[in-house]
Amino acid sequence: MPWLLALVAYLLGSLSFAVLLSRWLRTGDPRLAGSGNPGATNMLRLAGRKAATLTLLGDLLKGLLPVLLARLAELPLQQQAWIGLAAVLGHLYPLYFRFRGGKGVATAAGMLLALYWPAALLAAAAWLLTFALTRISSLAALVATPLTLPLLAWQQPTALLPVTLLAALIVWRHRSNLRDLYAGRERHF
């Protein structure tokens with residue numbers, strides 16, 4: 001059962017709502033414009049608030065639903081976390097879109113929301129505060145995700161390894177943003 005749910009999670013995670021919405025709205029492929037990232041932030045820049053909100057909700061749900069299914073199947077918390085990570089991997093490296101995906105922030109938020117909601121709340125608060133102070137979405141994501149690790153180590157240690165890998169993947173996917181932040185070139189809102 002865990003392997004089947006992980007496969008379903010990966011396939012669900014591989015649905016790129018930004019790409020699908022851009023095709024439906026005829027706004028152009030977000031992987032070819034703006035930041036080149038098929039995520040809510042780039043959709044906001046390219047197609048507006050409605051497209052960005054729908055992208056955010058779709059990406060959030062594809063991280064949330066697999067973990068909830070794993071919980072319904074009464075799998076242990078650690079297996080739920082691995083299944084959530086499979087959904088995020090699908091978003092990062094989508095099967096349906098030549099393995100060219102997003103940065104995983106919204107899908108990770110959905111995973112955390114289903115896995116342990118206080119961690120998702122902490123990440124959301126850290127993201128909002130960082131964004132309000134800097135107006136830089138990538139920096140907010142880079143601060144928010146790793147910040148959940150001490151809370152999980154204290155409250156949900158069995159989920160710590162998969163969520164640590166999740167945080168490392170998000171930092172890895174933001175490596176170009178880190179270079180731009182260091183050089184003072186990162187985009188602001």
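Computed over heavy atoms, backbone and side chain alike; hydrogens, waters and symmetry mates excluded.
- Using modelled atom types, one side-chain atom of Arg100 and one backbone atom of Arg31 make a donor-acceptor pair closer than 3.5 Å.
- A distance below 6.0 Å separates the ring centres of Phe189 and Phe131.
- No side-chain heavy atom of Leu56 sits less than 4.5 Å from a side-chain heavy atom of Phe17.
- For the pair Arg187 and Arg45, the minimum side-chain heavy-atom distance is below 4.5 Å.
- With Asn42 contributing its side chain and Ser35 its backbone, the two residues share a donor-acceptor pair below 3.5 Å.
- A continuous path of ILVMFWY side-chain contacts below 4.5 Å connects Tyr10 to Trp172, so both sit in one hydrophobic cluster.
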Begin with the C-alpha distance, continue with both residues' side-chain angles, and end with the deciding distance and a verdict on side chain to side chain contact (heavy atoms under 4.5 Å, CB included) for Leu115 and Val163. CA-CA 10 Å; Leu115 197 62; Val163 178; 3.9 Å; yes
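- Judged by distance alone, the side chains of Ser22 and Thr27 never bring a donor and an acceptor atom under 3.5 Å apart.
- Between Ala144 and Ala123, the closest heavy-atom pair is CB-O, 3.3 Å.
- Between Ala153 and Pro157 the shortest heavy-atom distance is O-CB, 3.7 Å.
- Linking Ile, Leu, Val, Met, Phe, Trp and Tyr whenever their side-chain heavy atoms come within less than 4.5 Å leaves Val88 and Leu69 in two separate clusters.
- Side chains of Leu121 and Leu113 form no contact here, defined as non-hydrogen atoms less than 4.5 Å apart.
- Summarising the geometry of Leu92 relative to Gly102, their closest heavy-atom pair is CD2-O, 3.3 Å, with the distance given to 0.1 Å.
- Residue Arg175 places its CZ atom among more than 12 non-hydrogen atoms of other residues, nucleotides or ligands, all under 6.0 Å distant.
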Please step through side chain to side chain contact (heavy atoms under 4.5 Å, CB included) for the pair Leu165 and Trp82, ending with a clear verdict. CA-CA 10 Å; Leu165 290 174; Trp82 287 114; 3.5 Å; yes
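- Contact detail for Ala159 and Pro162: the closest heavy-atom pair is O-CD, 3.3 Å.
- Pro118 has its side chain within reach of Leu151: a pair of non-hydrogen atoms, C-beta onward, lies under 4.5 Å apart.
- From Gln156, atom CD reaches atom CD of Gln80 across 9.5 Å, with rounding to the nearest 0.5 Å.
- Not a single donor-acceptor pair under 3.5 Å links the side chain of Asp59 to the backbone N or O of Ser16.
- In this structure, Leu129 is not a member of the same hydrophobic cluster as Leu112, with clusters built from ILVMFWY side-chain heavy atoms closer than 4.5 Å.
- Hydrophobic clustering (side-chain heavy atoms under 4.5 Å, transitive across Ile, Leu, Val, Met, Phe, Trp, Tyr) keeps Leu133 apart from Leu178.
- Atom CD1 of Ile83 sits about 12.5 Å away from atom CG of Leu12, to the nearest 0.5 Å.
- Counting only distance, with no hydrogens or angles, the side chain of Glu186 and the backbone of Ser138 share no donor-acceptor pair below 3.5 Å.
- The line from CG of Leu77 to CD of Gln79 is 10.0 Å long, rounded to the nearest 0.5 Å.
- The structure places CG of Leu46 at 10.0 Å from OG1 of Thr55, a figure rounded to the nearest 0.5 Å.
- In plain terms, the two heavy atoms of Ala70 and Leu5 that are nearest each other are CA-CD1, 3.8 Å.
- With rounding to the nearest 0.5 Å, the separation of OG1 in Thr164 from CG in Leu152 is 8.0 Å.
- Here the closest non-hydrogen pair linking Ala109 and Ala120 is O-CB, 4.2 Å.
- Between Met43 and Leu21 there is a side-chain heavy-atom pair separated by less than 4.5 Å.
- Linking Ile, Leu, Val, Met, Phe, Trp and Tyr whenever their side-chain heavy atoms come within less than 4.5 Å puts Leu68 and Leu61 in one cluster.
- Proximity of Thr148 to Leu166: side-chain heavy atoms (C-beta onward) are nowhere separated by under 4.5 Å.
- Distance CD1/Ile136 to CG/Leu139: 5.5 Å, rounded to 0.5 Å.
- With a 4.5 Å cut-off on side-chain heavy atoms, Tyr96 and Leu15 count as touching.
- Counting only N and O atoms by type, the side chains of His174 and Lys103 include no donor and acceptor under 3.5 Å apart.
- Side-chain contact check for Trp127 versus Thr145: every heavy-atom pair is 4.5 Å or farther apart.
- Annotation: cation-pi geometry satisfied between Arg173 and Tyr93 (NZ/CZ under 6.0 angstrom from ring centroid, within 45° of ring axis).
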Given side chain to side chain contact (heavy atoms under 4.5 Å, CB included), test Thr107 with Leu60 step by step and report yes or no. CA-CA 5 Å; Thr107 306; Leu60 190 87; over 6 Å; no
